Number of protein chains: 2
Amino acid sequence: MIRDVYLKMCPCRDLLDMVASKWTALAIGALEDGPMRFGELKRRLEGVSQKMLTQTLRTLERDGLVTRTVYPSVPLRVEYELTELGRSVTGPLAALRVWAQTNYESVAEARETFDNAEPVGLEPAISR
Amino acid sequence: MIRDVYLKMCPCRDLLDMVASKWTALAIGALEDGPMRFGELKRRLEGVSQKMLTQTLRTLERDGLVTRTVYPSVPLRVEYELTELGRSVTGPLAALRVWAQTNYESVAEARETFDNAEPVGLEPAISR
DNA sequence: CTGAATCCCTCCGGATACTG
DNA sequence: CAGTATCCGGAGGGATTCAG
């Protein structure tokens, strides 16, 4: 039985939203090469706040994409690692990251063209 | 020159956020089979509001992923179609949609397990 | 070191009404 | 039919503080 993300009530749409959320693709990508500590992840995902990283990892753990292991040493040590399920989505997400990296120029160019061809003030640009 | 989505200042991260936003994957997927009118898209993306669909399509147009063609008939007719650049991202996005559809069961199961095992405060030694 | 808990403000996004 | 324009509640997300 195939579920259809185009159907309103299909719960798998939530799942699509989840993997597509802001930091998910980067977090999962960072874990591709093996387990990482919280601090390592925070440094890798440049610009992420502690709150958002924690929230992202908690969601991934709840959804069964990563495991969270606590080593009760001093200082505390927590490692995150992809599960089997988590590894199953690394392919599509990696493809998306690569696409963003390789096609940025084209998009930037398209934006400039679009914005210059839009004389009518859709956006005041110098308001406030 | 390779751009790195993990770098804070890299503009391609915005691009990653864009293709990962709520309705983008569904909209682009709907256009894979050919041009569609606004109303057709609205019906296909069950549950999308008119405002969000317009906003999504406008962003995609601005970024050069889709073209918007107006046929000044009565009533008005507007068609959206993927560009070359737009078609270049259909693969990764389709893979993501398929993943969401095929792995929903596993995730739902993981969620239930996680939620039941987290009554909070009951674990004495290995708590969070 | 790894969080949880607050405060606080922006902006997403739905509902509704109006236009060409 | 295909939008634009508002209003507005609530989620998203940053900064800061406290705790194990």
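So you know, we letter chains A, B, ... as the sequences are listed, proteins then strands, and number each from 1. Because the structure is predicted, anything quoted here is derived from the model rather than measured.
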Quiz item: Whole-Å distance between C:dC11 C1' and B:D14 CG?
Solution: 16 Å
Quiz item: Contact class for B:K42 vs. all strands (heavy atom < 4.0 Å): base, sugar-phosphate, or nothing?
Solution: nothing
Quiz prompt | A:L53 CG to D:dG14 C1', straight-line distance once rounded to whole Å | solution = 14 Å
Quiz item: Which value, rounded to the nearest 0.5 Å, describes the distance between B:R111 atom CZ and A:E61 atom CD?
Solution: 13.5 Å
Practice problem: Give a yes/no answer on whether the side chain of B:R68 brings an N or O atom under 4.0 Å of OP1 or OP2 in D:dA2. | Solution: no
Exercise. Using a heavy-atom cut-off of under 4.0 Å over every strand shown, decide if B:Y80 touches base, sugar-phosphate, or nothing.
Key: sugar-phosphate
Quiz prompt | For atom CG of B:D17 and atom P of C:dC12, their distance in whole Å | solution = 12 Å
Practice problem: Measure the distance from CD on B:E40 to C1' on D:dA2 and round it to the nearest whole Å. | Solution: 13 Å
Practice problem: Would you please confirm or rule out a distance under 4.0 Å between OP1 or OP2 of C:dT2 and any side-chain N or O of A:R37? | Solution: yes
Quiz item: Just how far, in rounded Å, is P of C:dC12 from NZ of B:K22?
Solution: 13 Å
Self-check item: Minimum-distance nucleotide to A:P75 side chain [options: D:dG3, C:dC1, D:dT16]
Solution: C:dC1
Quiz item: How many angstroms lie between CG in A:L65 and CE in A:M18, if you round to the nearest 0.5 Å?
Solution: 4.5 Å
Practice problem: Report the C-alpha separation of A:D63 and B:F114 in whole Å, then their side-chain angles, then the decisive distance to 0.1 Å, and conclude whether the side-chain contact (heavy atoms from CB on, under 4.5 Å) test is met. | Solution: CA-CA 8 Å; A:D63 288 352; B:F114 183 87; over 6 Å; no
Practice problem: Please report, rounded to the nearest Å, how far the C1' atom of D:dA15 is from the CE atom of A:M52. | Solution: 12 Å
Quiz item: Want to settle it: does A:R43 or B:K51 sit nearer the 5' end of DNA chain C, counting the closest nucleotide to each?
Solution: A:R43
Exercise. Look at the side chain of A:Q55 and the base of C:dA4, then say whether one donor and one acceptor between them are separated by less than 3.5 Å.
Key: no
Quiz item: What integer distance in Å separates B:F38:CZ from D:dT4:P?
Solution: 9 Å
Quiz prompt | Whole angstrom value for the distance that separates P of D:dG12 from CZ of A:R58 | solution = 16 Å
Quiz item: When you measure from the side chain of B:L76, which nucleotide among C:dG20, C:dG3, D:dG3 comes out closest?
Solution: C:dG20
Self-check item: A:R97 side, atom CZ; B:L16 side, atom CG - distance, nearest 0.5 Å
Solution: 8.0 Å
Self-check item: Interatomic distance, A:Q101 atom CD to A:E105 atom CD [nearest 0.5 angstrom]
Solution: 12.5 Å
